[in-house]
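Have a look at the structure below before the remarks.
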Amino acid sequence: MILYESTRNSQESISSADAIKRGISPTGGLYVPKSIPAITLEEIASMSKMNYNERAIFILKHFLTDFTDNELSECVNKAYNNSKFSSEDIAPIVDLNENLYIMELWHGPTCAFKDMALQILPHFLVKAMKKTGEKSEIIILVATSGDTGKAALEGFADVEGTRIIVFYPENGVSEIQKYQMITQTGKNVKVFGVKGNFDDAQTGVKKIFTDEELISQMGKNNLKFSSANSINWGRLVPQIVYYFSAYADLIRKEKISPGQKINFVVPTGNFGNILAGYYAKCMGLPVNRFICASNDNNVLTDFIKTGHYDKRREFIKTVSPSMDILISSNLERLIYALSGNDDNQVSQWMKELTEEGHYNVGPEISGKIKEDFWAGWSNQHETLKTIELVYKDDNYLLDTHTAVAVDVYDKYVITTGDLTPTVVVSTASPFKFNNSVCKALFAEDEVEGKSEFELLNLLSKKTGWSIPEGLKNLDKKTVLHDSVCEKNDMKDVVRKSF
Ligand SMILES: *Cc1c(COP(=O)(O)O)cnc(C)c1O
């Protein structure tokens with residue numbers, strides 16, 4: 001039985017169902033397992049003969065010990081199947097060149113890796129509510145800068161016992177992202193543009209979450225708020241699976257022998273994806289290094305090199321917008337583990353981050369981080385150049401986020417000379433960020449003045465890659481959610497929608 005505690009209160013002791021239901025601890029900390037289950041090399045080798053869903057059930061049951069096997073397979077099979085994912089393998093591995101592989105995590109309905117977690121989270125949540133005797137229906141509130149909103153909508157659409165309301169900044173998301181959201185079907189979904197930027201939308205949602213009057217009114221209607229953001233344990237745990245899956249696939253393809261170490265390169269924002277890999281290593285997955293790749297917002301590069309986390313810098317809008325982040329929330333889980341579960345120390349660092357904008361973990365923990373992680377960053381010019389070079393040399397299309405990772409990998413090899421087999425974690429389809437991808441590949445006059453929808457066709461025609469189902473004919477779909485609200489009216493909008 002694995003129980004969960006908070007990074008800001010190690011005395012807490014709750015089941016995984018409770019941790020998933022609560023999302024964040026009352027102390028503001030994040031839930032982590034009290035111990036990390038171990039998996040043997042024989043078990044890992046035997047995963048090479050399993051399909052993705054079998055691998056997922058095998059890994060998940062080590063962490064979600066209060067879920068039955070039946071419940072877990074129900075969740076897994078509802079999340080990862082042919083009607084949701086365009087690849088049989090769910091998270092296929094592609095050979096890029098010698099020693100370098102790409103794991104494509106974008107075959108889900110929204111064409112970005114958030115589907116890997118958000119397709120399964122709603123099913124965990126519904127089961128967790130039942131297990132903990134909770135009778136209310138859940139309302140998921142999301143403020144999104146693009147990718148998360150659509151992935152959450154796809155995950156929660158028509159899931160019984162849940163409703164979802166998404167707010168996006170009216171002029172702050174790409175055309176494709178906006179159309180993905182406003183054409184969303186499902187009888188339990190609502191989508192609103194907000195007159196303001198992402199921060200306004202997020203502030204509005206945070207206020208609603210703590211509005212006592214609204215919460216009590218909802219209680220009378222048997223409704224309860226919950227969140228689907230990336231600090232929920234239910235979003236982190238499904239991401240551990242694909243690190244094992246990548247390794248098992250390399251064994252199956254006879255690229256590595258069981259026990260041989262590999263590297264992973266992860267384009268990183270909130271530190272959720274790469275942290276899941278770190279947990280896989282702690283469980284026994286043979287990993288040499290995790291290479292943490294950042295864009296111009298390179299807070300993590302500096303932190304991993306020095307132990308000093310310092311968000312006091314300009315926020316830069318880049319061509320890899322899903323990594324434009326200055327506070328990587330999931331890092332709290334890593335420093336908690338490396339400090340020996342020192343909840344007081346972690347609380348102190350997080351207080352310093354909020355009040356002063358920085359903290360320093362000191363030489364001992366910094367040294368431990370460097371044993372498992374290497375970090376680098378790619379500026380926008382380098383990122384676009386990487387898209388061009390990889391297409392020329394390997395005939396493979398990278399999206400802007402994955403290109404950051406490939407560029408940082410090149411820097412890693414130049415700096416360290418390490419030729420360990422390496423898997424680059426690819427987080428988005430090149431079609432999703434097609435404007436930048438087209439600019440990287442084609443002459444200016446071919447791209448200039450074209451809408452993102454026209455560019456989908458251009459990219460497909462010139463490369464022979466097909467447009468993913470989820471992005472096809474988006475501009476011809478019926479707009480189902482055309483409401484826009486003032487930022488001060490968000491609460492009213494929520495109140496009126498049930
Ligand atoms: C969210 C996202 C990331 C960053 O992942 P984290 O888990 O926040 O580090 C990278 N690439 C894409 C395309 C994303 O949507």
Side-chain angles (χ1 to χ4, degrees), residues 30 91 102-119 121 142-155 168 173-174 176-177 180-181 198 228-240 242-243 264-280 290-301 303-304 318-334 373 375 377-378 383 387 397-408 424-434 436-437 468 470-471:
L30 313 193
I102 304 260
M103 170 161 58
E104 296 178 342
L105 296 182
W106 40 260
H107 290 278
T110 78
C111 309
F113 102 102
K114 302 229 171 12
D115 289 329
M116 300 302 297
L118 278 164
Q119 278 298 314
L121 175 73
V142 182
T144 185
S145 56
D147 279 352
T148 305
K150 175 61 179 179
L153 285 166
E154 277 293 334
Y168 67 91
V173 300
S174 79
I176 285 188
Q177 288 172 328
Q180 278 191 313
M181 291 190 275
F198 171 63
N229 66 29
S230 82
I231 55 179
N232 192 314
W233 179 251
R235 263 187 76 176
L236 200 82
V237 70
Q239 299 181 165
I240 298 172
Y242 49 73
Y243 286 91
F264 286 97
V265 193
V266 188
T268 298
N270 218 1
F271 210 75
N273 196 353
I274 196 168
L275 182 74
Y278 174 75
Y279 282 131
F290 293 99
I291 298 159
C292 175
S294 299
N295 64 22
D296 297 84
N297 298 291
N298 53 5
V299 185
L300 284 168
T301 313
F303 173 70
I304 289 170
T318 73
V319 293
S320 45
S322 303
M323 294 157 67
D324 291 346
I325 285 177
L326 291 181
I327 299 181
S328 299
S329 320
N330 269 300
L331 192 61
E332 184 169 340
R333 287 185 162 115
L334 178 70
F373 295 89
W377 65 286
S378 175
T383 304
I387 294 176
L397 272 182
L398 296 170
D399 94 289
T400 47
H401 304 77
T402 312
V404 166
V406 171
D407 184 39
V408 169
V424 170
V425 178
S426 172
T427 51
S429 155
F431 286 92
K432 189 149 191 191
F433 298 91
N434 61 29
S436 303
V437 173
L471 302 179

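Counting starts at 1 for both ligands and their atoms, in listed order.
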Between Trp377 and Phe303, does the ring pair (Phe, Tyr, Trp, His ring centres under 6.0 Å) criterion hold? Intermediate values first, please. CA-CA 12 Å; Trp377 65 286; Phe303 173 70; over 10 Å; no
Going through the checks in order, is the ring pair (Phe, Tyr, Trp, His ring centres under 6.0 Å) test met by Tyr278 and Phe373? CA-CA 9 Å; Tyr278 174 75; Phe373 295 89; 5.7 Å; yes
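Here the closest non-hydrogen pair linking Gly149 and Thr144 is N-OG1, 2.8 Å.
For the residue pair Ser328 and Asn270, no side-chain donor N or O sits within less than 3.5 Å of a side-chain acceptor on the partner.
Partners of Asp147 under the salt bridge (charged side-chain N to carboxylate O under 4.0 Å, His left out) rule, at least two apart in sequence or in another chain, are Lys432.
Every protein residue with a heavy atom nearer than 4.0 Å to ligand 1 is included here: Phe113, Lys114, Asp147, Pro267, Thr268, Gly269, Asn270, Phe271, Gly272, Asn273, Ser322, Met323, His401, Thr427, Ala428.
Side-chain atoms of Leu471 and Cys111, non-hydrogen and from C-beta on, do get closer than 4.5 Å to each other.
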